[in-house]
Protein chains: 2
Amino acid sequence: MIRRLPQSRDRGIPEATVARLPLYLRALTGMAERGVATVSSEDLALAAGVNSAKLRKDLSHLGSYGTRGVGYDVEYLIYQISRELGLTQDWAVAIVGIGNLGRALANYGGFVSRGFRVAALFDANPEVVGDHIAGLNVEHIDELEAVIERRGVSIVVIATPAAAAQQICDRVIAVGVTSILNFAPTVLSVPEGVDVRKVDLSIELQILAFHEQRKGDRESGGPVMAEGLQQGASA
Amino acid sequence: MIRRLPQSRDRGIPEATVARLPLYLRALTGMAERGVATVSSEDLALAAGVNSAKLRKDLSHLGSYGTRGVGYDVEYLIYQISRELGLTQDWAVAIVGIGNLGRALANYGGFVSRGFRVAALFDANPEVVGDHIAGLNVEHIDELEAVIERRGVSIVVIATPAAAAQQICDRVIAVGVTSILNFAPTVLSVPEGVDVRKVDLSIELQILAFHEQRKGDRESGGPVMAEGLQQGASA
DNA sequence: ATCCCTTTGTGAACGTATGCACAAAGTGAG
DNA sequence: CTCACTTTGTGCATACGTTCACAAAGGGAT
């Protein structure tokens, strides 16, 4: 079973806060680019889509980096959050499974800009092995262990079919990987000390469908009325 | 700012429970395929990666569908969860932004199998418009409103660059869409009554990096020992 | 130097989620 | 029918997360 992420209280930063720090970081980066020097919790919260009390409490877990009456220094806060998240280091990421999704991930720009470097791509299909994607050669899955160790990969992204995921997971854990991002629609079982995060596209849609159905219940028809769509409750 | 999903207590099903129902559904589907007729909360919990008390409490929110001393009837539970999630209906989904990710989503098999039907694809790039992907023509973004209404799309997936996301969001809301799955790395602001779910690949990696860093703190070296190829902090 | 204004950081109240532990409810053997 | 066994459904204690509301702290004007 997927373990709870450990160390949530290593130095007292709650898991919920950690999950929001990247959000703040993104908002701050945008502000820095627009030349904003300081920002209040109110404004930053607005930009990040949370309320200001939550933002302040979150930041207070990192330390006292604000100035009362003024706000937070944008550059300084970017540095502090980056450091806390470990983004001042360079993380080598491997992507396993170069299907549509794997390809999309390999080309995704959001990684590089945040301390992540796609360092290796793997696939089992001989037709794909050898392809050049995002400046990298696709390696055969047989090379998995050797290449991971050689290139110091510490985070592995699994984008294989569900049936292959557990096996890949076991293999990378065997060579010391302890952080896995899983896109395969399956539950990975991992030993204590290994972190798995799961992204499941169909689950997100199902949650939306649940709420969408509830809206429909109170109004006219269900979702399948096509043409005569009412414009629904946006208020 | 992104609104809290409403209706979390519509009929008393907590949001945390709703988020796990798709997990149970997947585990159950696998069991049904393997011919399993009934399952205990213990076994189902194991397959879904949660503990059994939580599973039972979750299911109890839907009703009393188990039999004490026996367990749950797999087929019946599949039906009940599907109904609760609204998957017994047919949901028309549109994908906006046919880049690498949009393409991957259009081809993703996990949708169709669960009541979702990709009904339209949109892109702004004339070179992409007209392409045939997953049996669909890519439409020009100018057709967004017309096609959404014509085909009864009720859920929109945004896979555009961040800069375009808010505009697309506003436009689909204007024609009555109230459920949006956002892959663009930006905060969407929507009116009350519209549900936005966000999937952000780089945020997941950042959370992993945080925990990975914590592990490293207590052990030997940091992540970047590799072949000596780190180029230092990107922040 | 004093006063007023702004904004942070946080104590306290509230709400939600988790997990234990057990009574209630069912099965099946004898 | 009774008894022993299994497994659900849930009350309760605890942990976690959110929000309010305000004292403490700093800035700047006079």
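Computed over heavy atoms, backbone and side chain alike; hydrogens, waters and symmetry mates excluded. Numbers restart at 1 for each chain; the letters A, B, ... are given by sequence-line order, proteins then strands.
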Q: Round to the nearest Å and state the distance from A/Asn51 atom CG to C/dG15 atom P.
A: 16 Å

Q: Might you point out which heavy atoms bring A/Leu44 and A/Val39 nearest each other, and give the distance in Å?
A: N-CG2, 3.7 Å

(Q) Short of 4.0 Å, heavy atom to strand atom, which residues of residues 24-33 of chain A count as contacting DNA chain D? (A) none

Q) If every non-hydrogen atom of A/Thr186 is compared with every non-hydrogen atom of B/Arg26, which pair is closest and at what distance? A) N-NH1, 4.0 Å

Q | Matching residue for A/Val156 among A/Leu181, A/Thr178, A/Ile95, A/Val177 - test: side chain to side chain contact (heavy atoms under 4.5 Å, CB included) | A | A/Val177

Q | Between P of D/dT19 and CG of A/Asp58, the distance in whole Å | A | 11 Å

Q. If you look only at pairs with a residue in residues 31-43 of chain A, which of them pass as a side-chain hydrogen bond (donor to acceptor under 3.5 Å, both in side chains), with sequence neighbours excluded?
A. A/Ser41-A/Arg56, A/Glu42-A/Ser52

**Q.** Atom-pair distance (NZ on A/Lys54; C1' on D/dG17), nearest Å
**A.** 8 Å

Q. Just by protein heavy atoms under 4.0 Å, how would nucleotides 4-9 of chain D read 5' to 3' in B, S and -?
A. --BBBB

Q. If you look at every heavy atom in B/Leu144 and B/Arg171, which pair is closest and at what distance?
A. CB-NH2, 3.7 Å

Q) Taking CG from A/Leu55 and P from C/dT7, how many angstroms apart are they, rounded to a whole number? A) 14 Å

Q | Spacing of B/His61 atom NE2 relative to C/dT18 atom C1', expressed in whole Å | A | 12 Å

Q) Which atom pair, heavy atoms only, marks the closest approach of B/Val190 to B/Cys169? A) CG1-SG, 3.5 Å

(Q) If you define the side chain from C-beta out and look only at heavy atoms, does anything of B/Ile207 sit under 4.5 Å from A/Glu15? (A) yes

Q) Rounded to the nearest Å, what distance is computed from the CG atom of residue A/Asp73 to the C1' atom of nucleotide D/dG27? A) 16 Å

Q) Within the structure shown, what part of the strands sits under 4.0 Å from B/Ala16 by heavy-atom distance: base, sugar-phosphate, or nothing? A) sugar-phosphate

Q) Can you check the B/Glu15 CD to C/dA17 P distance for me, whole Å? A) 8 Å

Q) Would you say B/Val157 and B/Leu105 make side-chain contact, with heavy atoms under 4.5 Å? A) yes

Q. According to a strict under-4.0 Å criterion, is B/Lys57 in side-chain N/O contact with OP1 or OP2 of D/dT10?
A. no

Q) Nearest heavy-atom pair of A/Gly12 and A/His61: which atoms, and what distance? A) O-CD2, 3.7 Å

